[in-house]
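Notes follow once the structure below has been shown.
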Amino acid sequence: MKKNFKEKLRRILKMKIGFIGLGIMGKPMSKNLLKAGYELVVNNKGQEAMDELVALGATAAANAKEVASQCDVIITMLPNSPHVREVCLGENGVIDGAKEGTIVIDMSSIDPVESKKIGAELAKKGIELMDAPVSGGEPKAIDGTISVMVGGNKESFDKYYDLLMAMAGSVVYVGPLGSGNVAKLANQVIVALNIAAVSEALTLAVKNGADPELVYQAIRGGLAGSTVLDAKAPMMMAHDFKPGFRIELHIKDLANAINAAHATSTALPLTSQVMEIMQGLKNDGCEKEDHSAIVRYYEKISSTSVERK
């Protein structure tokens, strides 16, 4: 047992990790890697986040090429597909600095079709890509309990499982490259449709003279009960739309889901409807609010409010 622990610790201490993208999720995730004993080389568009990581022991790099030249493993945590493409394949990108055998673990939530295309370009230079998007939001990124869904080579998944677990509470292998982002998009579709259903149900309750709080308490223990119901119904009734996950980010995810669906001739009629609801809310200036603000749409078209003082 002690021998296995020492061997694992030795591997950790010898492994230099590149981390590109120190935003809301990336910064706490990279901090957890430092806490776990990994050596980090970081890059970010904003200098402040890099300075914060350097103060904790990381090394700063000027660009993705410089990160890749120093590391065998590179983690990216970026807003969307174009940003991942630019960092991996653009000028001074990973592809310019990485040596053959380097692995890129993209933890961004992007279009799985793009994951496959970027992976194919990197593979021409002997660089491997895994897609490993996360779920859980900033609080779970901070406390290291995010859920990670991984697509790529199974042997590589097994090799870097401990690395991913240093940032996560759950790491699950889903299948070949692109599968991680497919799982994330499936998650986002289910969440969006659940929030819309909760909004619709609470509006129905109010318009028919029922107290939405009592309706919520009555149904939460039955088949309609869900994590989404318990997380979002109280926010709706309090009209507290402080963002845990912003509408504009959910729009991005649903756009990627619809793009992936179109690429495979998959029909997503309900997802498309919720997407239009979110676009309407964006036009009303609500894009920075939590996605529970979907209830605003139902309140507007039904001339009512589910808010309870």
Side-chain angles (χ1 to χ4, degrees), residues 11-12 14-27 29-31 33-34 38-54 56-134 148 150-153 155-157 159-160 163-164 166-167 176-181 252 256 259:
R11 286 199 302 271
I12 287 174
K14 287 177 66 177
M15 193 181 295
K16 185 182 284 188
I17 310 298
F19 205 111
I20 302 172
L22 305 174
I24 289 174
M25 298 292 286
K27 186 167 70 171
M29 289 163 62
S30 59
K31 286 181 178 180
L33 288 178
L34 285 173
Y38 290 95
E39 185 179 353
L40 283 193
V41 179
V42 297
N43 174 255
N44 189 58
K45 276 195 171 182
Q47 187 64 39
E48 186 177 340
M50 280 209 293
D51 291 343
E52 189 174 339
L53 266 295
V54 168
L56 294 173
T59 302
N63 51 48
K65 177 182 178 180
E66 189 174 310
V67 172
S69 68
Q70 301 178 58
C71 304
D72 295 322
V73 183
I74 300 153
I75 295 172
T76 52
M77 190 61 178
L78 301 162
N80 207 352
S81 308
H83 308 92
V84 177
R85 174 171 283 275
E86 178 64 25
V87 160
C88 288
L89 305 177
E91 185 178 355
N92 290 320
V94 169
I95 199 167
D96 292 332
K99 52 186 173 291
E100 187 175 347
T102 297
I103 184 159
V104 178
I105 304 174
D106 179 35
M107 303 190 78
S108 321
S109 296
I110 70 171
D111 185 341
V113 176
E114 269 296 285
S115 289
K116 293 175 184 178
K117 289 179 179 178
I118 295 168
E121 290 300 312
L122 290 173
K124 293 176 183 178
K125 295 290 186 74
I127 305 165
E128 184 182 344
L129 178 67
M130 288 200 303
D131 62 320
V134 309
V148 185
V150 186
N153 181 283
E155 290 182 4
S156 296
F157 168 82
K159 182 177 180 180
Y160 297 107
L163 168 65
L164 295 172
M167 302 175 279
L177 180 62
S179 301
N181 275 306
K252 181 264 290 188
N256 283 333
N259 287 339

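For I24, the CD1 atom sits in a loose shell: 12 or fewer heavy atoms of surrounding residues, nucleotides or ligands are nearer than 6.0 Å. Residue K45 qualifies as open at atom NZ: its count of foreign heavy atoms under 6.0 Å is 12 or below. At most 12 non-hydrogen atoms from other residues, nucleotides or ligands lie less than 6.0 angstrom from NZ of K117. Counting non-hydrogen atoms of neighbouring residues, nucleotides and ligands closer than 6.0 angstrom, the CD atom of E100 reaches no more than 12 such neighbours.
Residues D131 and G180 approach most closely at OD2-N, 3.1 Å, considering heavy atoms. Shortest non-hydrogen contact noted between V67 and G18 is CG1-CA, 3.5 Å. Residues P133 and S109 share a closest heavy-atom pair of CB-OG, 3.8 Å. The heavy-atom pair separating L177 from G119 by the smallest distance is CD2-CA, 3.9 Å. Nearest heavy-atom pair, A68 versus V94, reported as atom, atom and distance to 0.1 Å: CB-O, 3.6 Å. The shortest non-hydrogen separation linking F157 to M130 is N-SD, 3.8 Å.
Contact check for L33 versus L163: side-chain heavy atoms found under the 4.5 Å cut-off. Side-chain contact between L164 and M107 is present, with heavy atoms from C-beta onward closer than 4.5 Å. Contact of the I95 side chain with the L122 side chain is registered, since non-hydrogen atoms from C-beta on lie closer than 4.5 Å. The closest side-chain heavy-atom distance from I105 to V73 is below 4.5 Å. I103 is not listed as a side-chain neighbour of N153, based on a closest heavy-atom distance of 4.5 Å or more. In this structure, C71 and T102 have side chains that are not in contact, with every pair of non-hydrogen atoms separated by 4.5 Å or more. Contact annotation: the side chain of D72 approaches that of K99 to within less than 4.5 Å [non-hydrogen atoms, C-beta and beyond]. A 4.5 Å side-chain heavy-atom check between N259 and V113 finds every atom pair outside the cut-off.
Sorted by first then second residue, the side-chain hydrogen bond (donor to acceptor under 3.5 Å, both in side chains) pairs that include residues 74-84, not counting sequence neighbours, are T76-D106, N80-N256.
The backbone N or O of A61 lies less than 3.5 Å from a partner atom in the side chain of N43, making a donor-acceptor pair. With K31 contributing its side chain and L56 its backbone, the two residues share no donor-acceptor pair below 3.5 Å. The closest donor-acceptor contact from the side chain of K27 to the backbone of E52 lies at 3.5 Å or more, if one exists at all. N44 places no side-chain N or O within 3.5 Å of a backbone atom of A49 that could act as its donor or acceptor partner.
Salt bridge annotation for R85-E121: absent, with no cationic side-chain nitrogen under 4.0 angstrom from a carboxylate oxygen.
Interatomic distance, M25 CE to M167 CE, rounded to the nearest 0.5 Å: 10.5 Å. With values rounded to the nearest 0.5 angstrom, L22 atom CG is found 10.5 Å from Q47 atom CD. We find the CD1-SG distance between I118 and C88 to be 6.0 Å, quoted to the nearest 0.5 Å.
Partners of D96 by side-chain hydrogen bond (donor to acceptor under 3.5 Å, both in side chains), not counting sequence neighbours: none found.
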